[in-house]
Amino acid sequence: MILAGMVIAVPFPALSQAQAPAKSRPTGSAAGSPIPGARVEANLAQLMRGTLFPSSNVIFAAQNVNPADVPQDKDSGTTVNLLASAYGKWTAVENSGLALAEVANVLMLPGRKCSNGLPVPLNNPDWPKFVQELRDAGMAVYKAAQSKNQDNILTAADTMTNACSNCHNKWREKPNLADRCK
Ligand code: HEC
């Protein structure tokens, strides 16, 4: 079992171990990607649940509690509460904003499917537009967190909520799963 505490103590060996098995795996479905070695592993719902869901929750939490007031957990190296982690308080909000902006890049990789098997609608001109909104929202959160001002976070969290729902309204909020991503 790899504990986050170990990752903090020895980040580089942990990273190369994590990457080692990937080299022996067959090339995945991001064929034609402009990024050498880039590979799609998750469907869109899995990607959202694994990345945007936890990152946005850190940002939502910062609306209700001043991150500076969150005490560090005793297990700050292993906690799943990022605000109380070794990289906690406002730093956790900064990094969560940056995570949104970076996930925007991954959302543009070719070859990803939605959970119903349809391709992610990369070729619809609204897709890159909504992805850019996410990137801008992430950077707005990053700036707001750097200011350590909760009013600024309220504004940036609103920008983020709009970025999520603009895309969801078009491609996710469907009575039938089969109609997502159409
Ligand atoms: C560019 C479009 C787009 C943006 C931006 C976007 N999403 Fe999504 N999201 C989707 C689509 C489409 C689905 C449905 C994916 C599927 O079913 O495979 C989805 C699914 C999800 C899911 C999983 C829902 C489920 O039914 O399992 C979560 C959680 C989620 N999004 C969170 C977020 C959050 C939080 C944000 C903003 C920080 C966000 N998303 C921004 C398009 C987007």
Side-chain angles (χ1 to χ4, degrees), residues 28-35 38-65 67 70 79-85 87-147 149-182:
S29 50
S33 166
I35 306 165
R39 200 175 21 229
V40 165
E41 307 284 12
N43 71 32
L44 186 60
Q46 291 170 323
L47 178 66
M48 297 262 158
R49 291 173 190 171
T51 60
L52 297 185
F53 179 63
S55 297
S56 64
N57 282 343
V58 171
I59 296 156
F60 286 131
Q63 296 179 289
N64 303 319
V65 58
V70 177
T79 180
V80 294
N81 178 0
L82 286 179
L83 288 174
S85 75
Y87 313 109
K89 299 182 188 282
W90 283 109
T91 302
V93 186
E94 284 182 24
N95 291 334
S96 298
L98 290 171
L100 301 189
E102 291 283 353
V103 169
N105 294 326
V106 178
L107 285 173
M108 293 308 299
L109 281 180
R112 193 179 312 282
K113 294 272 200 304
C114 295
S115 56
N116 59 9
L118 291 179
V120 171
L122 281 187
N123 294 330
N124 186 304
D126 280 345
W127 185 265
K129 196 185 94 192
F130 292 145
V131 168
Q132 183 60 40
E133 285 180 19
L134 176 68
R135 183 180 284 117
D136 292 343
M139 294 314 289
V141 167
Y142 178 51
K143 285 220 176 67
Q146 284 180 308
S147 77
N149 175 318
Q150 244 188 323
D151 287 339
N152 292 345
I153 278 295
L154 292 180
T155 309
D158 259 10
T159 306
M160 174 183 76
T161 304
N162 288 334
C164 308
S165 37
N166 286 344
C167 194
H168 290 164
N169 287 342
K170 177 151 184 161
W171 280 301
R172 187 184 82 171
E173 314 305 352
K174 311 280 181 179
N176 298 317
L177 191 68
D179 292 325
R180 286 183 176 186
C181 299
K182 273 191 185 163

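Keep in mind that this is a model prediction, so the values were computed, not measured. Start at 1 and go down the list; that is how both ligands and their atoms are numbered.
- For the pair M108 and W127, the minimum side-chain heavy-atom distance is below 4.5 Å.
- At a threshold of 4.5 Å between non-hydrogen side-chain atoms, the residues L100 and M160 count as touching.
- Against a heavy-atom cut-off of under 4.0 Å, V131 is close to the following atoms of ligand 1: 1 (C).
- Of all atoms in ligand 1, numbered sequentially from 1 with element shown, those under 4.0 Å from a heavy atom of S115 are 16 (C), 17 (O), 18 (O).
- Closest to atom 14 (C) of ligand 1 by heavy atom, among K182, R180, E133, is R180.
- Between the side chains of N43 and S115, no donor-acceptor pair is found at a separation under 3.5 Å.
- Residues Y142 and N95 are not in side-chain contact: their nearest non-hydrogen atoms beyond the backbone lie 4.5 Å or more apart.
- Between M48 and L107 the shortest side-chain heavy-atom distance falls below 4.5 Å.
- When each atom of ligand 1 is checked for a heavy atom of C114 under 4.0 Å away, the hits are 18 (O).
- Looking only at heavy atoms of the protein, atom 11 (C) of ligand 1 is closest to L44 CD2, 3.5 Å.
- Atom 20 (C) of ligand 1 has its closest protein heavy atom at R172 CD, 3.4 Å.
- In summary, the side chains of N162 and E133 do not present any donor paired with an acceptor at a separation below 3.5 Å, with no hydrogens or angles considered.
- In summary, the atoms of ligand 1 found under 4.0 Å from a heavy atom of S56, numbered by their order in the structure, are 35 (C).
- Heavy-atom distances between L134 and ligand 1 reach below 4.0 Å in at least one pair.
- Looking only at heavy atoms of the protein, atom 43 (C) of ligand 1 is closest to M48 CE, 3.2 Å.
- Close contacts of ligand 1 with L52, meaning ligand atoms under 4.0 Å from a residue heavy atom, involve 34 (C), 35 (C), 36 (C), 39 (C), 40 (N), 41 (C).
- Side-chain contact between N105 and R135 is present, with heavy atoms from C-beta onward closer than 4.5 Å.
- Each of the following atoms of ligand 1 lies closer than 4.0 Å to a heavy atom of C167: 1 (C), 2 (C), 3 (C), 4 (C), 5 (C), 42 (C), 43 (C).
- In this structure, V131 and L134 have side chains that are not in contact, with every pair of non-hydrogen atoms separated by 4.5 Å or more.
- Remark: ligand 1 atoms within the under-4.0 Å shell around heavy atoms of W127 are 1 (C), 2 (C).
- Residue C164 touches ligand 1 through backbone and side chain together, judged by heavy-atom distances below 4.0 Å.
- Remark: minimum distance from atom 27 (O) of ligand 1 to any protein heavy atom is reached at R49 NH2, 2.6 Å.
- Counting heavy atoms only, H168 comes closest to atom 7 (N) of ligand 1 of the residues K174, H168, Q132.
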